Amino acid sequence: MRAVCRNVVVGGRRTSVRMEPLLWDSLADICRREARGVHEIVTMIDGRRGDSALTAALRIFILSYFRTASQPIPVAGLAEEQAPFGTTAGYSTTFRQALCIFDEG
C-alpha cells in the first residue's frame with residue numbers, strides 16, 4: 001500500500017499527514033464511532049504525542065483504539081463507569097482507554 005498525504009487542521013493550523021489508506025479508513029471509522037471530526041481527534045493526539053512524529057502517534061493511537069475495542073466486554077452487573085471530567089468526557093470508554101494506552105507509551 002502506498003501512503004496517501006492528506007491535509008488536516010491541528011489546533012487551528014493546517015498540516016499534512018502521510019499514512020496508508022487502511023490507516024486513513026481506520027481513523028475515519030474511529031471518528032464515526034466517536035461522532036467526532038478528524039481534525040478534533042488529530043488535534044487531541046497532537047497535544048499528547050510528546051516527542052513522537054504526528055504520523056507515528058496517529059498510527060499508535062489507531063492501533064491502541066482497535067486493540068482496546070477488541071477486548072472482551074466487561075461482566076454484566078458491574079457498576080457503570082462514570083465519565084471523567086475534562087476533554088474526553090464525551091468519548092466512549094474504548095476511546096478513553098486507548099488514549100490511556102497511548103499516553104503510557
Side-chain angles (χ1 to χ4, degrees):
M1 273 190 190
R2 296 190 83 131
V4 175
C5 192
R6 295 193 184 161
N7 292 319
V8 293
V9 177
V10 179
R13 63 180 167 76
R14 191 173 139 197
T15 190
S16 59
V17 174
R18 188 174 182 84
M19 294 191 300
E20 294 73 15
L22 182 59
L23 289 169
W24 282 115
D25 291 346
S26 298
L27 182 58
D29 289 343
I30 292 170
C31 292
R32 276 191 294 280
R33 290 173 68 144
E34 299 298 326
R36 306 292 174 162
V38 170
H39 307 297
E40 182 179 356
I41 290 177
V42 173
T43 296
M44 181 178 289
I45 299 307
D46 182 62
R48 294 170 173 260
R49 68 184 168 99
D51 294 339
S52 297
L54 179 57
T55 302
L58 287 168
R59 284 183 175 119
I60 290 170
F61 176 75
I62 291 166
L63 176 62
S64 298
Y65 184 92
F66 286 110
R67 283 192 70 197
T68 301
S70 71
Q71 297 301 312
I73 297 171
V75 177
L78 295 178
E80 187 174 315
E81 179 182 333
Q82 294 292 317
F85 292 106
T87 59
T88 61
Y91 289 84
S92 71
T93 301
T94 299
F95 188 92
R96 291 193 315 269
Q97 288 174 342
L99 212 49
C100 287
I101 291 168
F102 175 79
D103 287 343
E104 291 170 2

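Computed from a prediction, not measured in an experiment: that's the story for all the values here.
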- Using a 4.5 Å cut-off on heavy atoms from C-beta on, say whether the side chain of R33 contacts that of Y65.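 The answer is yes; the side chains approach within 4.5 Å.
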
- Message: Any non-hydrogen side-chain atom of M44 less than 4.5 Å from a side-chain atom of L99?
- Response: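 SC-SC contact between M44 and L99 confirmed.
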
- Item | Given I41, V42, L58, the one that forms side chain to side chain contact (heavy atoms under 4.5 Å, CB included) with V8 |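 Passing option: V42.
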
In Å and rounded to the nearest 0.5 Å, what is the [atom1] to [atom2] distance from [X] to [Y]?
| X | Y | atom1 | atom2 | answer |
| --- | --- | --- | --- | --- |
| I45 | S52 | CD1 | OG | 11.0 Å |
| F61 | L27 | CZ | CG | 8.5 Å |
| T55 | M19 | OG1 | CE | 7.0 Å |
| H39 | D46 | NE2 | CG | 13.5 Å |
| C31 | F95 | SG | CZ | 8.5 Å |
| D25 | I30 | CG | CD1 | 11.5 Å |

- Message: So, applying salt bridge (charged side-chain N to carboxylate O under 4.0 Å, His left out) with E20, which one of R6, R59, R2 is it?
- Response: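 The single option meeting the salt bridge (charged side-chain N to carboxylate O under 4.0 Å, His left out) with E20 is R59.
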
- Query: Just by distance, do the side chain of T43 and the backbone of G11 share a donor-acceptor pair under 3.5 Å?
  - Reply: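 Yes; at least one donor-acceptor contact below 3.5 Å.
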
- Query: Is a side-chain donor or acceptor of R96 paired with a backbone partner of Y91 at a separation under 3.5 angstrom?
  - Reply: yes

- Give the minimum heavy-atom separation between V17 and W24, together with the two atoms involved.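 In this case the closest contact between V17 and W24 is O-CZ2, 3.2 Å.
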
- What about F66 and V38, same hydrophobic cluster or not, with Ile/Leu/Val/Met/Phe/Trp/Tyr joined at side-chain heavy-atom distances under 4.5 Å?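 Same hydrophobic cluster.
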
